[in-house]
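Order of listing sets the numbers, starting from 1, for every ligand and every atom in it.
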Amino acid sequence: MSLLAVSNLTKNYRRTGKPVAAVDDVSFTIEPGETLALAGPSGSGKSTIARLVLRLIEPDAGRIEFEGSDFLALRGVALRARRARLQMVFQDPLAAFNPRATVARVLDDPLRVHGIAPRTERPRRIAALLERVGLAVDLAPRAIHEISGGQRQRVAIARAIATKPSLIVLDEAVSALDVSVRGQILDLLLDLQRRERIAFLFISHDLGVVRAVAHRVILLDAGRIAESGDARTVIDLPQSAVGKALVAAAPRLNRYRP
Ligand SMILES: Nc1ncnc2c1ncn2[C@@H]1O[C@H](COP(=O)(O)OP(=O)(O)O)[C@@H](O)[C@H]1O
Ligand SMILES: [Mg+2]
């Protein structure tokens, strides 16, 4: 059984009266511990798929099975419990968190909301999470807006792993970071995946990054799957028009070697 099975997912938006298929009949699976990348040009539907999988928006059609349950049918307590297993990291943690919140507060929230640790135990859990993502424990009382972009993305990853997820959706999670910090965050993600067998739905427009971290890749074009397969095979020899165009536009595909 796949960890995630998405079938015939479709989402339309209206633009100046006309329907636009942001996601058009997309199907894929993710296995436990696997990284599946979604790549494609801007506007090809990557973020819409992320939001659908996270149930931040509802599809017009299609099915999402997660850990063996019909994810779109879950409600109430069952939905909340399952949500703990499906976490997210976005491009800009400043937008995702209250910038005035402290690092400790950001990490305390999931532990509290999902009832993972009693109050007295949470500071110890927070310290362990910080250590797990390579941050100093004395960062805990600092405000989110005071720390660097790379540190913030480590906090976002710590928050995502706090609830022991089986799948993390990463939407352009390293795209805003400069190259050296980006490499460090990719190393951290790969280390977490190796040790904890977390699967990633890894969204990026950067094929160099995708080639370095993904097992499989789906290339999207205008909401549809243009091609898919083993990440290196697809990126080294793309068959689709959109794949060829993306590779031609990608500088130095071998830059990352985690
Ligand atoms: N909330 C929305 N309202 C209207 N159109 C949207 C909305 N979100 C996305 N779209 C449209 O859906 C398409 C896919 O967008 P998106 O999933 O954000 O692409 P990507 O993440 O690949 O850049 C684009 O044409 C975009 O303009
Ligand atoms: Mg996007």
Enquirer: Within the stated cut-off of 2.8 Å, is an N/O/S atom of Ser42 closer than that to the Mg ion (ligand 2)?
Expert: no
Enquirer: Answer whether the closest heavy-atom distance between the side chains of Ile126 and Asp108 falls below 4.5 Å.
Expert: yes
Enquirer: So which atom in Phe28 and which in Ile218 form the shortest heavy-atom distance, rounded to 0.1 Å?
Expert: CB-CD1, 3.4 Å
Enquirer: Within the supplied structure, the quantity of interest is the number of heavy atoms (other residues, nucleotides, ligands) at a distance under 6.0 Å from Glu121 CD; does it exceed 12?
Expert: yes
Enquirer: Only pairs at least two apart or in different chains count here, so list each side chain to side chain donor-acceptor pair (under 3.5 Å) that has a residue in residues 212-227.
Expert: Asp24-Arg224, Glu34-Arg216, Glu227-Ser240
Enquirer: Run through ligand 1 for me and note each protein residue having a heavy atom under 4.0 Å from it, chain first, then residue number.
Expert: Tyr13, Arg15, Ala22, Pro41, Ser42, Gly43, Ser44, Gly45, Lys46, Ser47, Thr48, Arg51
Enquirer: List the steps and the verdict of side-chain hydrogen bond (donor to acceptor under 3.5 Å, both in side chains) for Glu31 and Ser2.
Expert: CA-CA 5 Å; Glu31 305 309 318; Ser2 296; 2.8 Å; yes
Enquirer: If you measure from the Lys or Arg side-chain nitrogens to the Asp or Glu carboxylate oxygens, is any gap between Arg132 and Asp191 under 4.0 Å?
Expert: yes
